[in-house]
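What follows is a short report on a single structure.
Heavy atoms only: backbone and side chains are in, while hydrogens, waters and symmetry mates are out.
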Amino acid sequence: MRLPMAGAGSPSSSAAICWNPMSEGKPVAQVAHKPDSDHETVDVVEERAIVLKRKKLTGGVRVRTVVREHEQLVDELLHSEQAEVERIPLDRWVEEPVPVRQEGDTTIITLHEEVVVVEKRLRAIEEIRMTRRHTVHADQQRIMLRREEAVVEDLDTSGSSDDPR
């Protein structure tokens, strides 16, 4: 780098050229002239770069979710169970309560009542028979299914958005 020197041809003059980071890009060097010498001495100064960083918004993205719906036909077998109740009058005397019992798919519950007589006896007055019937039938229903999708949009530094990707 060639440095400009003020008064370079005059032996009686001395000049100084200065540069520092705050001096807006001017170089730093001192030129000394000796009156009795036929050459000049230039002090060499090392330049150093100072790197500063700052954040600058250059763009961005916006991510949002969109729910899409579509209809789908679902075909499934549905199981159901019904209870059939049958009441049978008994009107018979028993010595002790008849416990609940099971005969196949039918549960039998015997109802009792106490009756005042000269002596107390237990009389079965009715049986209730509950039979389970299992059925299977095909059922079709239209249901709505939803799914989320992500939409990513580029943003420029002015804040307006571009076309979505």
Side-chain angles (χ1 to χ4, degrees), residues 1-4 17-29 43-165:
M1 176 168 111
R2 190 162 220 229
L3 301 177
I17 300 171
C18 298
W19 177 85
N20 63 36
M22 305 307 248
S23 66
E24 301 172 0
K26 296 178 185 173
V28 172
D43 294 333
V44 177
V45 177
E46 179 183 47
E47 292 182 356
R48 293 183 184 202
I50 298 174
V51 178
L52 300 174
K53 296 188 289 184
R54 62 183 167 94
K55 291 184 179 181
K56 179 179 177 185
L57 180 62
T58 59
V61 295
R62 176 184 297 133
V63 178
R64 60 185 173 91
T65 59
V66 177
V67 176
R68 309 259 189 237
E69 292 183 343
H70 70 282
E71 195 172 274
Q72 183 173 344
L73 182 63
V74 177
D75 193 7
E76 272 301 312
L77 293 178
L78 302 179
H79 297 272
S80 64
E81 182 177 85
Q82 296 83 28
E84 181 181 308
V85 178
E86 179 184 4
R87 298 178 86 105
I88 301 171
L90 291 180
D91 201 25
R92 70 175 178 231
W93 296 102
V94 291
E95 295 297 320
E96 59 186 30
V98 179
V100 176
R101 63 190 184 278
Q102 190 79 29
E103 292 180 4
D105 283 341
T106 303
T107 302
I108 301 171
I109 304 165
T110 303
L111 300 180
H112 304 92
E113 78 174 347
E114 290 180 345
V115 178
V116 177
V117 284
V118 177
E119 58 186 310
K120 182 166 96 172
R121 291 188 198 171
L122 191 59
R123 180 173 73 160
I125 57 168
E126 185 179 20
E127 274 186 352
I128 297 176
R129 295 176 179 251
M130 290 179 23
T131 304
R132 293 183 187 168
R133 307 264 185 244
H134 296 275
T135 60
V136 175
H137 68 281
D139 184 46
Q140 283 187 345
Q141 291 185 5
R142 291 201 175 274
I143 60 171
M144 190 63 67
L145 300 177
R146 295 183 297 244
R147 183 176 103 199
E148 284 188 344
E149 295 178 358
V151 177
V152 178
E153 301 170 339
D154 284 328
L155 301 178
D156 62 11
T157 55
S158 66
S160 64
S161 61
D162 292 335
D163 293 332
R165 284 191 263 164

Crowding at CD, Glu114 (>12 non-hydrogen neighbours, <6.0 Å):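 No, not enclosed.
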Any residue meeting side-chain contact (heavy atoms from CB on, under 4.5 Å) with Val63, in chain and number order, not counting sequence neighbours: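 Counting only residues at least two positions away or on another chain, Val63 forms a side-chain contact (heavy atoms from CB on, under 4.5 Å) with Ala150, Val152.
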salt_bridge(Glu149, Arg147) N-O dist < 4.0 Å: yes
Rounded to the nearest 0.5 Å, what separates atom [atom1] in [X] from atom [atom2] in [Y]?
X      : Y      : atom1 : atom2 : answer
Arg132 : Glu81  : CZ    : CD    : 5.0 Å
Arg68  : Arg146 : CZ    : CZ    : 14.5 Å
Leu122 : His112 : CG    : NE2   : 5.0 Å

In residues 87-101, what donor-acceptor pairs under 3.5 Å come from side-chain atoms, sequence neighbours left out?
from, atom 1, to, atom 2, distance (Å)
Arg87, NE, Glu126, OE2, 2.8
Arg87, NH2, Glu126, OE1, 3.4
Asp91, OD1, Arg123, NH1, 2.9
Arg101, NH2, Glu127, OE2, 2.8

Contacts of type salt bridge (Lys or Arg N to Asp or Glu O under 4.0 Å), residue Glu86, not counting sequence neighbours: none
Gln141: side chain to side chain donor-acceptor pair (under 3.5 Å) partners, not counting sequence neighbours: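 Scan of Gln141 (side chain to side chain donor-acceptor pair (under 3.5 Å), adjacent residues dropped) gives Asp139.
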Name each donor-acceptor pair under 3.5 Å that joins a side chain in residues 102-109 to protein atoms two or more places apart or in another chain, with its distance.
from, atom 1, to, atom 2, distance (Å)
Gln102, OE1, Thr107, OG1, 2.8
Gln102, NE2, Gly104, O, 3.1
Gln102, NE2, Thr106, O, 3.4
Gln102, NE2, Thr107, OG1, 3.4
Thr106, OG1, Thr131, OG1, 2.9

Check against side-chain contact (heavy atoms from CB on, under 4.5 Å), Val66 and Arg64: CA-CA 7 Å; Val66 177; Arg64 60 185 173 91; 3.5 Å; yes
Could you pull out every donor-acceptor pair under 3.5 Å between side chains of residues 71-80 and any protein atom, sequence neighbours left out?
from, atom 1, to, atom 2, distance (Å)
Glu71, OE2, Arg142, NH1, 3.3
Ser80, OG, Gln82, NE2, 3.2
Ser80, OG, Thr135, OG1, 3.0

